[in-house]
> 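Before anything else, here's the structure in question.
Just so you know, these numbers use all the heavy atoms, side chains as well, and skip hydrogens, waters and symmetry mates. From a predicted model like this one, the values you see are computed outputs, not experimental measurements. In what follows, every chain begins at residue 1, and chains take the letters A, B, ... in the order their sequences are listed.
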Amino acid sequence: MNVLELIDVVKRYENHTAVDNVSFTVPQGTIYGLLGPNGAGKTSLIRIITTITRADRGTVLLNGEKINSSTPSKIGYMPEERGLYKKMKVGEQLMYLAQLKGLSKRDAKKEISDWLDKFDVASWWDKRIEELSKGMQQKIQFISTIIHRPKLLILDEPFSGLDPINANLIKDEIYQLNQEGTSIIFSTHRMEQVEEICEHIVLINKGKKVLDGNMKQVKLDNKENLYRIDYEGTLPNHIGDQFKLESSSENELLIKVSPDEDSNQLLAALIQNNVHVTSFNEVLPTLNDIFIKQVGHSDE
Amino acid sequence: MNKLWLIIKREYLTRVTKKTFILATLGTPLALALFLAAELYIIGYESESNRIAVVDDAGLVKGTTKALKDNKTVKFFVRNESLDELKEKYLDLNYNGVLYLPEKLSQSVRKDIKVEYYSDDKLGMVSKAYIEKVVGKRVEELRITKSGYDRKVLDGFETSVEMKQRTTTGEEDEKSFSAEIATFIGMLIGYIMFFVVMIYGSMVMRSVMEEKTNRIVEVIISSVKPFQLMLGKIIGVGMVGLTQLGIWAILIPGIVMAASFFLQGAVDPSSLEDLGGMGGDFDQESTQEYILKALEEMREMNWWAIIPTSILFFLGGYFLYSSIFAALGSAVGDDVAEAQSLTVPVSMLLVIGFLLMIAAIRNPNSSLAFWSSLVPFFSPILMPARLAFNPAWWEIALSLVILVITSLFFVWLSAKIYRVGILMYGKKATPKEIVKWMFYTE
């Protein structure tokens, strides 16, 4: 079952195409990475999914149903450009946002109390937002995003402006919500941030989809048959003739095996030559490597 | 609908519970009352009663009792002592000063005559005017007696002219006086319209800019439509405006009435007359008559038509201008200088409307008044001001219909700009771009 399905979605602005025939599916219950450099069209895509803007063409299905006016109440969206009413009190603010999401007054109050307790900030109810630190404000922002228990949570650059402690706090919450069954779309241009979090990814550039799929599969599909070998003792010279040596330093080798060879052959050759191997690993490419390989240049 | 209501409620409540709002709403009538009270107090201040010793060398008051009439603040006491004697001891005799009527006064035939007042304390303006008037009247009386003319005959020469205006069919046109009152009422309504549309329109704009600067706007429109947010804001802020006007409509007359009630004992209304009397003859009876007539005239005005129609025009004008302000606010974001330069043309429209209103009131049946009240940018200020002059009903209706259609059009157009503008960050929108936004699909 897919929580979200995009089919040939197109969004054109006057001089450029922000989203160019993009299709991908987000499986239920996953943490999904929406990746791409700044200006790739991530935010445009998200705004289409959240019905803030409408696609010029294509179909978006949420839980198998075409997105419509009730979609916003099923999605929790934390935009990249986010903020709160500075003069409002924490409690009032959350009550307002929760009711806009369709919660009744009573439900909103209960949910907010629960969440404030959970974050150990129950005493903040009557504090003005402007009295809180930036990190504290982000906690309130996060609560406001998930207060209506959305089935799909979309976070656009969720860690921007957060110190590592608060980033971890939010990260833990994301994991927990995911454990409880919430599907999460995680949009960022910082690819290293999602390597550890996401199970699936879609990579977009200049409005076009570059690739998508299961993270492990994507890495395997793009691997370069690179192996790192730690060893003890001396290395016979002819190993470098037989295999392509990417780099070698004291007791560490990086070897690229050609596609028609097997990593076992490399290992066998090393053993036959009395090299004492202490570790033997395949080096999978980072998402950044894959991105550079796919589009030919780096974002940063 | 429910969400729109939530937005209206928030926009309204956050504003009316603000200290600055409460202060301005309650403070303005209080300040007005204080100002009025202070003014009345200052005018009436020296009215603690001036006891004035009179040395009558001219023989103005001989033989008659109370030839110089007292009033509440000035009391005359004719003494037999000489001027020099009284100058010495007027304080011991508990007088405030000595009025000297010199002997040559009785012989003088000049129009301008001079009398003297001796005191170490100065007389107030009002008392001075009163004494001059009373002495003048007395001299006049004596001159008449001396001349041998019959007072009654002389009085018979006095003429006052009142011109009645009639329509050509001979009907008496009762509007001549009501025109004065209508001008006053029309101006007042015009002023209020101008300031309220200006103040609350720009309040909408600031609020839109604030939401964009705070970066909350995308959070909000992930749950509601941008149009709902804009409309909710316009309605909410408009209700704040109506609340303020409503409170003022009750408080200001209330405070003025209370103030005049409390001050009634302290201030002699005739002292105000005398002040007026300095400029020309403006006696008590005719002033009172004027005020009564004015009140009567105001009572007879068709308030049941004027007030609701004014409110309709206010709503039309407010929606028209505040939606334009909202669109501008969405386009500029946090750039205050940019915002100002964009609002100048809009404010100019309001100012032109204001000037046209003044012209139209001077000449309510001119073609300028007629045509400019059809222009929707001016009619919210112009038409309510003209209502007091009873324009034809179809003129009002036509003006209102044009205004409503234009307002709806601008709300729709502004919503298109707003929708794009609030999501644009980090770059300045040129007027050309703003025009393009109108044609974007959602």
> Go through the atoms of Val219(B) and report whether side chain, backbone, both or neither lie under 4.5 Å from a heavy atom of chain A.
both
> Measuring from atom OG1 of Thr43(A) to atom CG of Leu423(B), what distance do you get when rounded to the nearest 0.5 angstrom?
10.0 Å
> About how many Å separate CD1 of Ile216(B) and CG of Leu97(A), when rounded to the nearest 0.5 Å?
5.5 Å
> Counting only non-hydrogen atoms closer than 4.5 Å, can you tell me which residues of residues 80-92 of chain A sit against chain B?
Glu81(A), Arg82(A), Gly83(A), Leu84(A), Tyr85(A), Lys86(A), Met88(A)
> Working to the nearest 0.5 angstrom, can you tell me the gap between Lys9(B) NZ and Gln99(A) CD?
6.0 Å
> More than 12 foreign heavy atoms under 6.0 Å from OH of Tyr191(B): is that the case here?
no
> How many angstroms lie between CZ in Arg419(B) and OG1 in Thr53(A), if you round to the nearest 0.5 Å?
9.5 Å
> If I take atom CD1 from residue Ile221(B) and atom OG1 from residue Thr51(A), how far apart are they, to the nearest 0.5 angstrom?
9.5 Å
> Can you confirm whether more than 12 heavy atoms, excluding those of Lys171(A), are under 6.0 Å from its NZ atom?
yes
> Nearest 0.5 Å please: distance from the OH atom of Tyr96(A) over to the OG1 atom of Thr14(B).
8.5 Å
> Could you tell me whether Lys74(A) atom NZ has more than 12 heavy atoms of other residues or ligands within 6.0 Å of it?
yes
> Answer yes or no: is there a side-chain heavy-atom contact under 4.5 Å between Val420(B) and Tyr13(A)?
no
> Give me the atom names and distance for the closest heavy-atom approach of Glu218(B) to Pro79(A).
CD-CB, 3.7 Å
> Closest heavy-atom contact between Ser222(B) and Pro72(A)?
O-CB, 3.1 Å
> Relative to chain B, which segment of Gln137(A) carries a heavy atom at a distance below 4.5 Å: side chain, backbone, both, or neither?
neither
> Hey, does Leu100(A) have a side-chain heavy atom less than 4.5 Å from the side chain of Ile7(B)?
yes
> Counting only heavy atoms closer than 4.5 Å, note whether Glu211(B) contacts chain A via side chain, backbone, both or neither.
side chain
